[in-house]
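Just below is one structure, and these are the notes that go with it.
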Amino acid sequence: MVETVQTYDGWYALHDFRTMDWEKWQLSSEQDKKEALHEFKELIGTWQNQADQKKGSHALYTIVGQKADLMFMVLRPTMQDLNHLENELNRTKIARYFKPAYSYVSIIEKSSYTKPDINPYEDPNMLSKLFPSIPEEDYICFYPMSKLRGETNNWFTLPKAERGRMMFDHIKTSKPFTEQVKRIITGSIGLDDYEWGVSLFCNDPLQFKKLIYDTRFDEVSAKYGIFGSFYIGCRLVLDDIESFFVI
Amino acid sequence: MVETVQTYDGWYALHDFRTMDWEKWQLSSEQDKKEALHEFKELIGTWQNQADQKKGSHALYTIVGQKADLMFMVLRPTMQDLNHLENELNRTKIARYFKPAYSYVSIIEKSSYTKPDINPYEDPNMLSKLFPSIPEEDYICFYPMSKLRGETNNWFTLPKAERGRMMFDHIKTSKPFTEQVKRIITGSIGLDDYEWGVSLFCNDPLQFKKLIYDTRFDEVSAKYGIFGSFYIGCRLVLDDIESFFVI
Amino acid sequence: MVETVQTYDGWYALHDFRTMDWEKWQLSSEQDKKEALHEFKELIGTWQNQADQKKGSHALYTIVGQKADLMFMVLRPTMQDLNHLENELNRTKIARYFKPAYSYVSIIEKSSYTKPDINPYEDPNMLSKLFPSIPEEDYICFYPMSKLRGETNNWFTLPKAERGRMMFDHIKTSKPFTEQVKRIITGSIGLDDYEWGVSLFCNDPLQFKKLIYDTRFDEVSAKYGIFGSFYIGCRLVLDDIESFFVI
Amino acid sequence: MVETVQTYDGWYALHDFRTMDWEKWQLSSEQDKKEALHEFKELIGTWQNQADQKKGSHALYTIVGQKADLMFMVLRPTMQDLNHLENELNRTKIARYFKPAYSYVSIIEKSSYTKPDINPYEDPNMLSKLFPSIPEEDYICFYPMSKLRGETNNWFTLPKAERGRMMFDHIKTSKPFTEQVKRIITGSIGLDDYEWGVSLFCNDPLQFKKLIYDTRFDEVSAKYGIFGSFYIGCRLVLDDIESFFVI
Amino acid sequence: MVETVQTYDGWYALHDFRTMDWEKWQLSSEQDKKEALHEFKELIGTWQNQADQKKGSHALYTIVGQKADLMFMVLRPTMQDLNHLENELNRTKIARYFKPAYSYVSIIEKSSYTKPDINPYEDPNMLSKLFPSIPEEDYICFYPMSKLRGETNNWFTLPKAERGRMMFDHIKTSKPFTEQVKRIITGSIGLDDYEWGVSLFCNDPLQFKKLIYDTRFDEVSAKYGIFGSFYIGCRLVLDDIESFFVI
């Protein structure tokens with residue numbers, strides 16, 4: 001019988017991608033735009049209150065290419081919180097200028113192939129990873145992924161030691177990038193269509209390519225990695241929202 | 001010749017996912033909204049009458065992420081009942097604010113690898129599973145699935161004893177979750193695009209991930225499971241419908 | 001060299017699935033609805049004339065779930081007839097309330113692994129199958145299918161005797177359903193995206209699942225069957241058209 | 001090193017499929033319809049001039065089923081010609097009633113596994129195939145296709161003699177149809193998403209099925225054929241354009 | 001452990017495909033069209049300024065077939081530059097007549113299986129490839145591609161020498177086309193859904209087919225190449241923009 005791996009779970013995560021209806025936005029009145037932006041910034045203000053109280057974290061990105069224009073990444077203590085938040089966003093005035101593009105539902109997950117020495121939920125280092133602030137780097141790279149269950153190569157029928165060895169090699173390959181590229185790994189088995197979500201953060205987007213290129217030759221990625229779409233976003237801070245929407 | 005497994009069948013099931021056109025809803029008059037909600041709640045009232053007479057069951061959910069906004073899960077004695085119900089829903093005023101998202105047609109199915117001691121259709125325990133009330137837990141996790149018919153690994157050419165052994169192991173893995181996670185399994189071979197529908201119900205959505213993660217290492221899931229999209233919903237009770245639609 | 005199988009061909013078939021724009025329909029005037037329904041019923045009247053003259057057959061179904069709302073199944077002597085018929089339907093007033101959903105183009109096909117004793121085109125039994133009336137059962141189950149041409153398992157490189165044996169076993173499995181479940185098999189190699197269309201007719205839709213479940217364990221289905229989407233419809237007779245459109 | 005095959009190339013080909021917005025057409029004024037048809041027929045007149053000067057060929061078809069309503073097949077000396085032609089068509093009044101359905105870009109290609117005795121570009125027989133008039137048969141069957149590059153069966157790593165043998169067998173199978181079914185093979189490696197386009201022409205569409213059915217058992221089709229969508233069209237001659245658009 | 005290959009990276013690249021809403025364009029006023037074109041040409045003027053300062057390069061193409069009508073290929077020093085540029089384009093008046101079709105995000109990449117003698121970032125030849133002007137040839141052929149990670153044939157688990165040998169053979173096959181067909185290879189691992197983007201430039205589009213046909217028989221393409229959609233475009237120079245939009 002194959003041994004599973006212990007996982008520790010933190011905040012729930014929603015990656016919410018929207019396409020902007022620029023024509024509709026431009027054709028609306030100055031008054032409507034002002035009201036929509038005001039309400040939007042107030043909503044983000046309430047999100048910031050949650051973040052200040054360590055009850056979640058959020059960040060906005062403008063996505064490069066036609067896959068989407070905006071992406072909201074939000075972390076919250078419960079699934080219900082995420083649902084309330086997206087429904088609240090959907091009911092705003094600015095949402096009338098959004099078209100759906102993609103979304104991903106998952107939960108921050110740390111897995112361990114070895115038994116931890118102390119209770120992870122009492123370990124400050126682990127807690128900061130399970131309930132993190134979204135890194136403030138300029139760029140995000142998000143992609144969902146699964147592990148292959150092929151007729152020959154099947155991740156889920158491998159012995160735990162084998163899987164642990166490959167994951168260890170994988171971590172070794174990405175070591176040179178640790179400083180520059182921060183990451184939040186979320187689990188989504190049973191929650192969305194891939195098994196994990198990967199969110200990378202860096203000030204130099206070339207490092208995304210270099211990191212993923214180097215690790216693609218790792219046995220775990222080369223033989224078992226199934227990758228969804230890759231999304232590259234540029235961080236949009238509160239002060240730049242007005243200039244993004246060009247009022 | 002491969003032996004099939006005996007199945008016992010209960011109510012027909014429709015999982016009906018809709019996306020809400022929030023802008024259209026918000027731009028409609030208070031009068032129109034009131035009338036639409038009134039008619040909608042009356043319709044659900046007639047569904048409740050059916051449930052009270054043990055002629056079916058139903059539940060509403062708000063779906064997390066962009067796959068849908070609302071999901072209706074409905075159980076009924078005949079396929080014609082489901083067809084009438086969806087046509088009736090489609091003709092309501094509130095349906096004018098819905099856009100199609102996804103649907104799944106199936107029938108509650110219990111299968112048995114061993115011969116039952118008593119006629120299942122006279123066994124009160126079995127009957128309560130074939131004609132159930134949808135559990136009232138806060139969250140639902142729905143996904144359709146099939147079994148692999150690969151060139152090497154083919155579920156449908158395995159001997160019955162082999163299949164029975166794997167299903168038995170699978171049940172053993174999910175045992176620790178029995179209390180917390182309720183389930184309704186529906187069969188859909190010949191009725192929809194996957195072979196089964198799985199509806200899980202729990203007050204803690206993390207348990208969906210933990211259950212499906214653990215069972216993914218079971219031979220039956222690891223080697224033979226083909227999974228469709230996963231949908232996570234939060235139960236929407238009658239009393240919260242108005243606040244969801246924010247009148 | 002692999003031996004092909006002799007096929008005998010009858011009427012051309014069009015399965016034409018449409019989604020109803022209910023809001024548009026409801027918002028149109030009583031006059032418009034009346035005219036549209038009148039014209040629609042007149043068109044179906046002309047189809048009935050064809051059927052009465054044994055120059056084709058047709059049936060209407062309401063489809064369960066969101067894949068479509070209506071399905072027209074039509075049999076005609078020539079491909080041009082089908083093309084004229086769909087163009088005529090597309091130009092009706094009621095078609096303005098339809099949205100395209102799916103269609104399938106094929107031709108009734110009987111294949112034989114053995115040499116028939118009499119010329120099939122002079123055999124009344126065969127002729128009734130090649131030029132049939134669509135059965136009047138309450139439910140239809142339609143799905144397109146192909147046979148696998150995999151790198152290991154390839155239907156089209158098997159010896160004819162092997163294929164014949166598997167088809168014979170398959171027929172044996174479905175024997176218990178012969179009375180209850182009627183069928184029309186259409187060939188579509190070169191005409192549409194799968195190789196065959198299967199139309200099953202029954203008064204009890206559970207039998208669709210039971211038949212397809214049992215036959216899925218047949219070697220021909222388990223190893224070689226590739227199935228498209230499954231569509232379940234409830235027969236809509238002329239007298240119920242008005243109540244379906246709720247005038 | 002695998003030997004490629006020599007190809008000879010003729011006119012560029014565009015297969016341009018459109019769906020008709022019948023409601024929009026019907027709701028437009030008689031004047032608008034007349035003008036649109038007049039301009040459309042003038043455009044086709046200019047195409048006819050090109051054909052008369054042997055600078056290309058064109059044909060119109062009405063497509064059976066919902067994949068499209070109309071298909072333009074056009075042959076031209078340069079890729080730029082095709083681009084101009086489609087842009088010109090897109091700017092016509094009638095194009096406002098078209099919705100995009102599918103298109104395919106390729107070039108007429110004859111390949112040879114043996115060295116020709118005379119320079120193909122000086123061989124009148126070859127020239128008539130590279131720069132043909134589109135056959136005037138009543139029906140067209142179009143489909144794009146590729147050759148499998150599987151992990152076991154890979155067309156592109158087979159020795160040339162092996163490929164030649166299979167193509168020779170394939171031609172033998174289709175020999176009985178040569179008279180009845182005309183064909184234009186176009187190459188599209190690097191030009192569109194499949195490797196070849198196949199356009200068959202016949203007065204009896206059943207022969208499409210019979211030809212493709214028989215050849216599917218050929219080793220080259222059975223093991224290496226990857227087929228895209230199949231489109232069946234009925235030839236629409238200039239004189240029938242008005243009746244198709246029902247003015 | 002598999003050895004990766006050293007890559008050198010230049011400008012970021014955006015391939016941005018749009019479909020033209022011709023009807024909307026034609027129905028707008030002469031004044032609106034003039035303003036839109038004027039603003040559009042001014043925007044392209046600012047792009048030309050960047051190009052003149054060697055801070056990027058750009059080109060416009062009209063795409064053959066229905067995949068798109070226009071394609072912008074833009075090279076810029078930073079990802080943020082690309083994001084600003086597409087947002088600026090999206091906010092123009094002419095963008096109101098565009099519909100999204102496809103986009104691809106990547107970065108110019110030169111890889112080397114051997115250690116270069118001089119620092120590539122100081123080698124003028126290499127620098128001209130990393131920071132190039134887009135060739136002025138009449139036609140472009142763009143396609144994204146990946147390398148197979150199959151259960152048997154897996155590019156990413158091959159020894160470096162093996163990969164180098166195959167790439168060397170591949171280069172040898174394309175040698176006869178070097179003069180005629182220019183190319184820009186961009187890397188997109190971690191940036192978009194395939195691993196590389198290939199942009200070929202030539203005055204004779206038949207050479208695209210011949211080059212890709214010949215190389216498809218190379219072991220690296222035959223066994224390991226996974227190809228996305230192929231897009232063929234005709235260069236649209238500034239002076240032809242007005243005639244394309246037919247003012």
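In what follows, every chain begins at residue 1, and chains take the letters A, B, ... in the order their sequences are listed.
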| said: Heavy-atom cut-off 4.5 Å, strictly under: side chain, backbone, both or neither for A:Leu191 against chain B? | reply: both

| message | Can you classify the ring geometry of B:Trp25 versus B:Tyr97 as parallel (below 30°), tilted (30 to 60°) or perpendicular (above 60°)? | response | perpendicular

| message | I'd like to know which of B:Asp138, B:Ile212, B:Val64 tops the heavy-atom pair count under 4.5 Å against chain A. | response | B:Val64

| remark: Bottom line for B:Asp69: the part with an atom under 4.5 Å from chain A's heavy atoms is side chain

| field | Part of A:Gln80 within contact of chain B (heavy atom distance under 4.5 Å) | value | both

| request: Look only at the side chain of B:Ser146 and the backbone of B:Ile226, and say whether a donor-acceptor pair between them is shorter than 3.5 Å. | output: no

| task | Tell me, for A:Asp9 versus chain B, whether the close heavy atoms (under 4.5 Å) come from the side chain, the backbone, both or neither. | result | side chain

| said: Check this for me: does any side-chain nitrogen of one of B:Arg235 and B:Asp240 sit under 4.0 Å from a carboxylate oxygen of the other? | reply: no

| query | Do side-chain atoms of B:Lys67 reach the backbone of A:Ser103 as a donor and acceptor pair under 3.5 angstrom? | reply | no

| task | Mind ranking A:Ser106, A:Gly150, A:Ala101, A:Ala95 by heavy-atom pairs under 4.5 Å with chain B and telling me who comes out on top? | result | A:Ala101

| said: Does any backbone or side-chain atom of A:Asn154 lie under 4.5 Å from a heavy atom of chain B? Answer side chain, backbone, both or neither. | reply: side chain

| query | Do B:Tyr213 and A:Thr7 have a side chain donor and acceptor closer than 3.5 Å? | reply | no

| said: Regarding A:Lys55 and A:Asp81, does a basic nitrogen lie under 4.0 Å from an acidic carboxylate oxygen? | reply: no

| Would you say A:Arg165 and A:Glu219 make side-chain contact, with heavy atoms under 4.5 Å? | yes

| query | Should the heavy atoms of other residues, nucleotides or ligands under 6.0 Å from CD of A:Gln6 be counted, would the total exceed 12? | reply | yes

| field | B:Tyr231 portion near chain A, given a 4.5 angstrom heavy-atom threshold | value | neither

| query | By a 4.5 Å heavy-atom criterion (distance strictly below it), what part of B:Ser221 contacts chain A: side chain, backbone, both, or neither? | reply | backbone

| Contact origin within A:Tyr104 toward chain B - heavy atom pairs under 4.5 Å | neither

| What option among A:Leu82, A:Asp16, A:Leu14 has the most heavy-atom pairs under 4.5 Å with chain B? | A:Asp16

| query | With only heavy atoms counted, which part of B:Tyr143 is less than 4.5 Å from chain A, the side chain, the backbone, both or neither? | reply | neither

| request: Would you mind checking if B:Lys210 and B:Asp214 are paired as a salt bridge, meaning a charged N to carboxylate O distance below 4.0 Å? | output: no

| query | So which of A:Thr78, A:Ile107, A:Val5, A:Asn87 has the biggest tally of heavy-atom pairs under 4.5 Å with chain B? | reply | A:Val5

| request: Measure distances from B:Leu148 to the heavy atoms of chain A and classify the residue's part below 4.5 Å as side chain, backbone, both or neither. | output: side chain

| said: Using a 4.5 angstrom heavy-atom cutoff, name the option from A:Trp155, A:Tyr102, A:Tyr194, A:Phe17 with the most pairs to chain B. | reply: A:Tyr102

| Contact leader toward chain A among B:Gly225, B:Gly228, B:Cys141, where contacts are heavy-atom pairs under 4.5 Å | B:Gly225

| field | Proximal component of B:Leu211, with respect to chain A [non-hydrogen, under 4.5 Å] | value | neither

| task | Please state whether the side chain, the backbone, both or neither of A:Asn90 comes within less than 4.5 Å of a heavy atom of chain B. | result | both

| request: Hey, can you tell me if A:Phe40 and A:Phe98 have their rings parallel, tilted or perpendicular (30° and 60° cut-offs)? | output: perpendicular

